[in-house]
Engineer: 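Sharing a structure with you now.
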There are 2 protein chains.
Amino acid sequence: MKISTKGRYALEALTYMASLEKDTPVNIREIADQTGIPLKYLEQIFFRLRKSGILVAKRGPSGGFLLNPALPQITVGDVVRAVETDIKPVVCLKSREHCESGIYDTCVTRLLWKRISDAVESVLDGVTLQSLGDAYKEKKS
Amino acid sequence: MKISTKGRYALEALTYMASLEKDTPVNIREIADQTGIPLKYLEQIFFRLRKSGILVAKRGPSGGFLLNPALPQITVGDVVRAVETDIKPVVCLKSREHCESGIYDTCVTRLLWKRISDAVESVLDGVTLQSLGDAYKEKKS
DNA sequence: ATAATTCCTATTGACAATATAGGAATTAGG
DNA sequence: CCTAATTCCTATATTGTCAATAGGAATTAT
Ligand code: FES
Ligand code: FES
């Protein structure tokens, strides 16, 4: 079981942003520098985050990214689902069609993976970016 | 997040074995045939399972593998830990030394990964092989 | 002896994750 | 306008891990 760097990077970057509590756009280069995430890779990640509505972008000089103010409570689950390609630990959980082994109906392990998946998502959905940002600010001070 | 085939295969194979409730060795080729798992790959997996004490092997003609009778309650967690290289979703959870980014002490996301990891292991440790085997037998009949 | 089995390691192959690259589109400010 | 700063978007290269194959050694029942 691995959490991909996409998910980790996204969360670290957004945590940093949340800790700033700014209402003006934050330059992505600053974020990359502060977090050590490769700039061009972070661009791709932010691209997805914007498409999914978590971030709002402003282009041009003094532009940057902003946590979408219309979403007062962004959860870690929102973020991870936006950037991770598959959040489900086994493909069979996506749908019956995704099961490659043709034993879907008699499969006894799928239920187990489902329980694991639910447990993970329940943690993810229970933590907000704001709380992470606050904790970050606290530690820095 | 992905569960590797090692973990899945191990569980499917052992579930099949548990459903047989035999006290004589089961031929690994039979298991490979019944489950569709590549034989030589399954050998590697069983090798690990034996080294970790979950399986007992008997070599030579009419040999095979047997669920270790000295372990009355094998859990799914035991199995997955035996075959999976890293069960922790991020390396930082293994130990402070494993964190590559030198921000261990101020890292606020690690706690989140820890909660996820705990949630997963709690599910894994709560399901026994026996229960899976019983369910399998039930479905087959 | 022989054949059937597990034992163990090495190597290859396939694929996804990671990262880099390059230019297009947009916009603030002079 | 013009320029520079920024995000936007896609394509490509690189890397690394997982999955699978291979081959022979050790063991043992008959
Ligand atoms: S193998 Fe697909 S549902 Fe179990
Ligand atoms: S990055 Fe290693 S502890 Fe958070």
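Residue numbers begin at 1 in each chain, while the letters A, B, ... track the order of the sequences. Note that these values count all heavy atoms, side chains included, but never hydrogens, waters or copies made by symmetry. If you're wondering where the values come from, they're calculated on a predicted model, not measured in any experiment.
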Engineer: Give the dot-bracket string for DNA chain D, reading 5' to 3', where a pair is Watson-Crick or G-U wobble with both distances under 3.5 Å, ( ) marks pairs inside the strand, [ ] marks pairs crossing earlier ones, | marks a partner on another strand, and . marks unpaired.
Structural biologist: ||||||||||||||||||||||||||||||
Engineer: If you measure only the distance, is there a donor-acceptor pair under 3.5 Å linking the side chains of A:Ser131 and A:Asp134?
Structural biologist: no
Engineer: When you measure from every atom of DNA chain D, which of residues 2-18 of chain B have a heavy atom less than 4.0 Å away?
Structural biologist: B:Ser4, B:Thr5, B:Lys6, B:Tyr9
Engineer: Taking for each residue the nucleotide of DNA chain C bearing the nearest heavy atom, is the 5' side occupied by A:Asp86 or by B:Lys58?
Structural biologist: B:Lys58
Engineer: Check for a donor-acceptor pair, side chain of A:Asn27 on one end and backbone N or O of A:Gly64 on the other, with a separation under 3.5 Å.
Structural biologist: no
Engineer: Which parts of residues 40-50 of chain A get close to DNA chain C, meaning a heavy atom less than 4.0 angstrom away?
Structural biologist: A:Lys40, A:Tyr41, A:Gln44
Engineer: Is it true that A:Asp118 and A:Lys114 make a salt bridge, defined as a side-chain N closer than 4.0 Å to a carboxylate O?
Structural biologist: yes
Engineer: Got a donor-acceptor contact below 3.5 angstrom from the B:Gln130 side chain to the B:Ile74 backbone?
Structural biologist: no
Engineer: Would the number of heavy atoms belonging to other residues, nucleotides or ligands and lying under 6.0 Å from CD of A:Glu30 be above 12?
Structural biologist: yes
Engineer: Under 3.5 Å, which donor-acceptor pairs do the side chains of residues 7-14 of chain B form with other protein atoms, sequence neighbours left out?
Structural biologist:
{"from": "B:Arg8", "atom 1": "NH1", "to": "B:Ile3", "atom 2": "O", "distance (Å)": "3.1"}

Engineer: For A:Ala57 and for B:Pro61, find the nucleotide of DNA chain D with the closest heavy atom, then tell me which residue's nucleotide is more 5'.
Structural biologist: A:Ala57
Engineer: Out of curiosity, does B:Ile103 fall in the hydrophobic cluster containing A:Tyr136 (side-chain heavy atoms, cut-off under 4.5 Å, transitive links)?
Structural biologist: no
Engineer: With no hydrogens and no angle check, is any side-chain donor or acceptor of B:Asp86 less than 3.5 Å from a backbone partner on B:Lys88?
Structural biologist: no
Engineer: Of all nucleotides in DNA chain D with an atom under 4.0 Å from a non-hydrogen atom of chain A, which is the first and which the last going 5' to 3'?
Structural biologist: D:dA4 to D:dA11
Engineer: Hey, quick one: are A:Leu49 and A:Leu66 part of the same hydrophobic cluster, counting side-chain heavy atoms closer than 4.5 Å, chains of contacts allowed?
Structural biologist: no
Engineer: Just jot down the salt bridge (charged side-chain N to carboxylate O under 4.0 Å, His left out) partners of A:Lys137, sequence neighbours excluded, or say none.
Structural biologist: A:Glu21
Engineer: Quick one: B:Leu39 CG to C:dA4 P, roughly how many Å, whole number?
Structural biologist: 15 Å
Engineer: Verify the cluster assignment for B:Ile28 and B:Phe47: are they in a single hydrophobic cluster under the rule of side-chain heavy atoms below 4.5 Å apart?
Structural biologist: no
Engineer: Looking at A:Asp125 and A:Ser122, would you say the former's side chain and the latter's main chain have a donor-acceptor pair under 3.5 Å?
Structural biologist: no
Engineer: To the nearest 0.5 Å, how far apart are CG in B:Leu55 and CZ in B:Phe65?
Structural biologist: 6.5 Å
